[in-house]
Every structure is written in C-alpha cells, then in structure tokens.
Amino acid sequence: MKVSVTNQLQCVRDVVNPYNQFSENPPVLYTWVVMQLPKAYQPSDHEQSVYEMWEQSGAFQPEMESGKEPFSIIMPPPNANGSLHAGHLMFVVEDLMTRYARMCGRSALWLPGTDHAGIETQFVYEGVLAKQGKDRFDLGPDEFYRQVMAFTQESQGTILDQFRSMGFSADWSRLKFTLDQDVIDVVYDTFQRLHQDGYIYRGNRIVNWCPRCQAAFADIELDREEQQNTLYEIDYGPVRIATVRPETIFADVAIAVNPEDERYKDLVGTHATIPVVDREIPIIGDEYVDPEFGTGALKITPGHDPADYAIGLKHQLPEISVIDFDGNLVNVPSDFAGLSVTEGRERIVEALKEAKVLRETTDYTHAVAVHERCNTVIEPLISQQWFLRVQELNQPVIEAIENGDIAFHPERFKKMAVDWLRQERDWCISRQIWWGIRIPVYYKTSHDPDKDSYIIATSEEEARDYYGEGNYQQETDTFDTWFSSGQWPFATLMNTGENDFQTFYPTTVMGTAREILHKWVTRMIMFGLYRIGSVPFEHVYLWGLVTDESGSKLSKSKGNYGDPMEITNQYGTDALRMALTHSNTPGNDSPLGLKQVEAMRNYCNKLWNVARFILSQVDETYTPDDPQPENLADRWFMSRLQERIKAVTGEIEQYRFNEAADSVYHLLWNDFADWYLEASKRQVNTDMLIYGLETMLTLSHPFTPFVTEAIWQQLPWRGDMLITAPWPEFGKEDWEAVSEFMELQTVITGIRGVVAELGIEQPPLYHQQEELLEQNGELITLLAPVSTCQSVSDGRGLPVPGTTVTCWLDVGEDSIQKYRDNLQKSLDETREYIRGLEQQLNNSEFKHNAPKEVVKDTQQRCEDARQRAQTLSEQLTQLGEVE
RNA sequence: GGGUCCUUAGCUCAGCGGUGAGAGCGUCUGGUUUACACCCAGAAGGCCGGUGGUUCGAGUCCACCAGGACCCACCA
C-alpha cells in the first residue's frame, strides 16, 4: 500500500488526503496510516510538491479588490545571471513577513524582479568574448548589448528556481527585469523631468576613473586598499613639497601652503618651479593644507586629484591632464610619454635624482581608492560626465526620515542615512558601461550654435524634431545602475498590473542589506519623493552579512562559502530558514553554523513527530470541535497557547523575528512536546491536541513553511492550505491554571532531580492532603519517577526541594543523609534570597517610587520564598529527629 | 579624522530598566518509556570587558577607558 504523502499534493485546492484512498474500503484506523509515515521528516519528499501546490493555486498573488488591507514588499532584485549566494539568504525574512501578512488576511504582495547587474554581467561577458579573442570594442555598444541580453535571457532561470526552492512566496507572475522596456521608459521619464527641473548637467569634472573598466564610478563604488608607498620630498625652487605621486608633477598648477604657516607665509604670491620641466607655478595660500603633514607644502594637481580639483576651482587654477583613460602618461615630455603610471613614477624619480631635487624618501602606508568590482586602482581624472545635483533633492528625504515617515529597523540607521544625505556631493550618473540603460541623449555632429549641444531624446526621430535633418550620434554612456534601481519601487508597480501602483504604493517594508543603505535605500526615497511625492516604503528593515561561525564574511576565496543549496539538500530548506531567522538580530551580522541548521532540522523533525503522535490519536472520521479544557494540564496549555500567540504576533509585528522564532521553538519543544503531550498520555483531549497542533503549525508556518504545510495536508478534516489559513487570534489567559501547573512542574522537576542525583528507582511520593497532589496524582506518577502519589497522615522521608507543596519521597535512610547537604544548601540559598528581598521591601524609597505592581510582585516573591524556606526548615528538622 | 556596532556559560549568540541571568551547540551522569536517539531525564558551567555616574532598582541608561568589527572621509 502506498502511503507517500507527497503524491497526494498534486491537486491544488481540493487536496486529497491519505484517507481518501481508503474510502471505498472498510474503515481503517488512521493510526495505522500515520504509523506508516517515516519516523523522520524527509524534506525532499515534500518541498517540491508543496511549492508547486502553492504556486499553482495562485496563493502568491495578492487578492485584489477584496477590500483587504494591502501589504507589499519589493524584492531587492538579484542578478539575473547569478545564482543564490549568502547575500540572498536574509530574503527569508521578507518571505516571513509576507507569509505572516497573508495569513493575517492582508492582500500581500512580494514583488520579485531581476537585475541586469551592469558591471558584473559586463565583466562576465567580456570574459566570454576574451575566450574568442575579442573584446567589446570589436562589437560596438549595440551588438554588445544585444549579445549580453541574449546571454542573460538564457541564464536567467537559475536564480528564480533557487528562490523557489527557498520557499519564497513571491508573486512570480509579476516578475520584472531592470531592462524591461516599461521600466526603462519610467527611468527616461524621470531623467527628462530632472533635466527640465535643472537637476541634471553635463560637465568636465574630476571623476573616479577605472582604467580596467574604462568607466567612471561614483565615490560610493570605491573601496579602500592599504598600500605601501614612498613619500617623496622634492624641491620646487623655494619650497619643498611631499608627494606619493611624483609622476603627476607635469600636471601641477600651483603650490599651496597654509596661510598661517610661519615658514611659508611670505612666499604666498611668489612662484615656485616644477623641476625637470622647469615650469613656474604660483604659490598660493589655502587653509586646507595641514602644516604638520609632510613638508607643509602641497603641490596642486587639479587634473588628477579630487582634493586639488576643489582647491583649483576655488583659486581658478587651470586643469592639466597628463594621464589618459588607459592610465598612461600623455602630454608629457617624450621621455615619459606613453608610460604607465608605475613606470612613469620610476622614471621621474630617476630624473629627479639626476636633477638633485629629490631630498628625502620615507615609507608611507596609506589607503588608495580601488574599484570595488575589479580592485583596479582608481585614477582620478577629468572627463565629461553627466551629473545629478542632489543637495536640493535630498532635502525632503532628510525631512521625511526625521519626521518618521519612514521607520528604520533598527532605528540607528536613521541617523546614518541622514548624515550621508547631508554631505552627499553631486552624483555622477553616467557610466561608460554598455550593458545598461543608455542615457537618452542625442548629439548632432555639426551642431547649430543657436541650439543646445545635446537633446534629451529616446530616439533619433525625437532628436530630429528638434534639430532637423542631419547626422546624429547617440550617447553611448549608460546610467549608473543605482540611478535606475533607485526608481525600482515605482518603476515596477507602475507596470505590473492595472491597480498595482494605486494599491501597493507606498510599499509596506523595504528589507535589504545594511551595506546598501546609502547606495540604494536613500536614493529610492529621494526618487520616490521627487517623482511620486511620497516615500516609497513605510518601514526599512536592514540586515548585516551572513557570516561563518567565526564572523568571517562568506566568500569563495576564503573557502568558507558553502553553496546554500547544499545545506538545504542536506538539512531541508526549513532548517536553513529557521536557523537564519533565529540567528539574525536586526542590523547585525548573522553567524550561520551548520550546528545551528542541524538544531533547526531537529526542530522540524520534532514538529513532524508531534503531528504523527497527535494524528495517531484520532480516527478517520474525526472532525475537530472547539477545544474544551478538561483538566489542569488542558487549562494550563490552553492558557500558555494564548500567551504565546500573543507573544509571537507581537514579536513579528515589532520586527523581532529572532525572538519570534525562539518563542515558536520553545513553545513546540518545551511546552507542547515535553509537557502537554506527555501529560495528555494520561487523558487524551483530542480537540485540545488538534487545536494545539493547528495553532503550532500556523505560528511556525512563516518560519518553516514546507514542513508545516506538509503536515497540514495530512489533516483529514482540512481541505485548504496552511499558506492561506488565518493567523490565530488569542483569547484570555487562565492565571490560576498557569500557577498551579507550574507548581506541579516544580514538584515533578524536583523529584526528577533528586531521583537522578541519588540514582534510585521510583520511590513512593507522600504528602499530607495537598489538594494539588491529590488531584493530580496520576499525572505525577506518569511524569515523575515515582511509584505512587499518596496522602498520608504522618509524612516521612526526603522532602522534595524547591516547592511550597509539602511532600516527601520515601527513600532509604542513607539516601536521605546523602541528600541532606543539598537541602541545607537549598535552604541557605533561599534564606539569602529572602534577605535580599526583605532589604528591598524595607527600603521606603523603593515602596515610594517603584510601580505598585512591582512592589506587590516583590512581596509575593518574598512570601513564596519564606514559605519554601519554612517548609524546608521544618523538613530538615524532621530529618534531624530521624537521625 | 568622523560615525556605528560588538564585548554575557567552553563555542555561537539572545536578553525591550523591575530584582535568584537565558538558548542552541559542546561537556558530564543516567535512560532499548511503540511521536521523535534528528530522542528523553538530570547536572556542571557566569564578579554580564574595566572604572565611575544616573536610579528605589543597571547586563540593560549615561560618561570615560581597553580590546575587536564595520561604515563614511579629498592629509598630499
């Protein structure tokens, strides 16, 4: 007989459950079927079919026009050509939030997309070309774009399949790509408006040039790399300067000194001479110069240093370029022309030595800027680029953040975002990358002096309308990828469905890595406010890196990079998801260890087995009724469930997903499995068990969607799917039951401790008409290693420690004496504890200032402790008598 | 140079001002309990980095110090 569960899951909605196959046969006890299920949860048996069921059912698509409150997250688009890596793992919290919202009855949309990943993909494809002995210049921008597009479309599926295997409940029917024409149109429109409003300009400015990529990059795309260099001190006639870049002396236009510097004060206004070429340059005064550093005199090279560029502008100095786009020297004496920067440096140092102007060299370690993608040293140089003036545009962003229009989780990133926005300089938005969105600009080759030198146009016809007939050249530069992805929230929603933008903008949450707070998050807010007039999201949830257990970043080169797919294959996707959620605190790195994943695999298995046990308690005709607590354990567990539902709900709402995961974990393992399930072996309350199971599955679903749904599909009375089942509501808590059951737990734990410590076998337990024990004797004999639980008129034996309930274990005399010390110690500790509490209670200021509940609580605590101490001491006295 | 975070059990980390400080893993002891050995029961293990301060009350808030991680920045 086939009992494979997964085969049953193919039908969507009208799910077949394992009973149906017996329906024409004589009734078969469900217990029997359940016991045929594997003892251990096998993720691979379920994940694919469960996912297919969800996807085919349309559960990932939000219910539109339902009047439901919308909830939306725009997924940070992964590289269309890439595969799943550590950087995507925290997306599980977005799935978690989406699933939670969906279960709460909201119209939930998690909108996925993929990114063309300009530079990265261009690199990859250039590699492909290199194997054919070609480079991109052999193809030209248009052909190159065409080929990369084909390449991307071919490999796009991988990452999406992997996201599916992670259980991501994104609405794939709305999938967008950053180079979709409708997205590009939105970006063009924004560019047009920004230009009209005067925020865009084209100009010769100093930029961060990567000779490797043949492109300019924004400051934020650079990394710093420590480099060992030499600081050269060189005589420039009357002053001596210090530099690490002697090869740029040909581009010097001035020497700057601090005007307060006594040594050089008088030289300001006179001239210095560039050695080797013997060119005279002015000596100027500027506060920027630090008299303490080097010689206190700074050579000014506006063409090749950003700081010098700023000084040059201030003093209206000329700009000389001596390094070309390949990083070679140009416009220099023929001895140096064509040399690379490094060779040029060596050659000029020799020349300086010969000229006897090189005075001193010192080793110097400093940070040089390198391109974050290829690690090539950046050459600052002047080139013509497109810029966006951001200061004014950032103003409303700062206000929105400070007003709290956007809530940051954790909050500290609010300040970081604002600080960055305040100091951001004009943003160079043009890239000499070909795989990207072409800047919509045309130039007329012979341009009419009465008209602009360029025209914003998306096609040549448009340009022609303005300029008339002639030869046109299209701008080959593309937009910085962040210029377009900054518009992603609305560029997507405007093009995914008729009412999507109206319904889901502003989106609810943006969840992303904290490292792109500046690059992406602040810019999305900026574009949202500029284009739409409202923020693009109401909450920002930021996470750090997923690292290995020692806190190192996961990387292939470090060898600690496990393919996440290997982990999910071995332990199951739920285990990885739960481990990630559990080990992540907002804003911080998450060390992910396999031990943790294993522990969560065990959690999934525990869930599976709890279900197996409970299902074995019902027969196939069972239909659940409202749970009615019948005994103390029922009442306690019912109360405990209410409390936990409330807690988990609150924790999720407050973005404390790790705590929510922890709550769910312990609810299952400790409360449900260790206590309630064990207790219910005495008296089965089926409705309670089922209510507990269903609640447990629901609470756990956002964390571990597969196993919970797989179990849900086993519930014969259920024809629906857990993914769209309602999130549980919580009712009243029963404090009396809680406190009574907890006392019982204390007694049981106390007995277990004593018995284990002494290594004895099931002694009888005696008490003197203790109501709690009298009513729960059977439960105690079931859960604690005692042979019986009896009321006696004259109790004797070893008192059970830690409880106010007076009871004794009937053990041998030597055992009692052996344990006496433990009891004495316990008594001493309790007395010490009481002393502390009394001290506090006697403090009039405490009574005066502390909230009433706290005082009352403290009194209660003290009272309980006194009672325990009294019980203990009486019992010890009795023991003494025995002795 | 500016900023942020971290420092709690052997390891990795939670801990939202309220009082004997928690988890997972690891260690030790004992278990062939038909839900689960991916298990059960028990135990050991902490001056919560240091010094001050605020408070009736501090692991939690503030200041400084020490060590570590990261982000930003135009000292050549």
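Because the structure is a prediction, the values reported are computed rather than measured. Convention: sequence-line order gives letters A, B, ...; per-chain numbering from 1.
Nearest to the side-chain atoms of A:Lys606 among the listed nucleotides B:rA35, B:rC38, B:rG42 stands B:rA35. In the set B:rC40, B:rC74, B:rC71, B:rC74 carries the atom at the smallest distance from any side-chain atom of A:Arg224. Listed nucleotides: B:rG20, B:rG24, B:rU4. Nearest to the side chain of A:Tyr665: B:rG24. When each of B:rC74, B:rA41, B:rC5 is scored by its nearest atom to the side-chain atoms of A:Arg412, the top-ranked nucleotide is B:rC5. When distances run from any side-chain atom of A:Lys39 to the nucleotides B:rG26, B:rC36, B:rC40, the shortest one goes to B:rC36. Nearest nucleotide to the A:His666 side chain, out of B:rG24, B:rC72, B:rC36: B:rG24. Ranking B:rC39, B:rA76, B:rA35 by closeness to the A:Arg612 side chain, first place goes to B:rA35. With B:rA76, B:rG20, B:rC40 as the choices, the nucleotide that has an atom nearest any side-chain atom of A:Trp669 turns out to be B:rC40.
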Start with the C-alpha gap between A:His304 and A:Glu379, add the side-chain angles, then the distance that decides, and say whether side-chain hydrogen bond (donor to acceptor under 3.5 Å, both in side chains) holds.
CA-CA 7 Å; A:His304 296 291; A:Glu379 283 302 334; 5.1 Å; no

Would you give a per-nucleotide map of nucleotides 10-19 of chain B, 5' to 3', where B means the base has a protein non-hydrogen atom under 4.0 Å away, S means only the sugar-phosphate does, and - means neither?
--SSSSB-BB

Dot-bracket for RNA chain B, please, read 5' to 3', with Watson-Crick or G-U wobble pairs under 3.5 Å on both distances, ( ) within the strand, [ ] crossing, | other strand, . unpaired.
(((((((..((((....[...)))).(((((.......))))).....(((((..]....))))))))))))....

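At a threshold of 4.0 angstrom between heavy atoms, the contacts of A:Lys681 include nucleobase atoms, whether or not backbone atoms are also involved.
A donor and an acceptor atom, one from each side chain of A:Asp662 and A:His582, are located under 3.5 Å apart.
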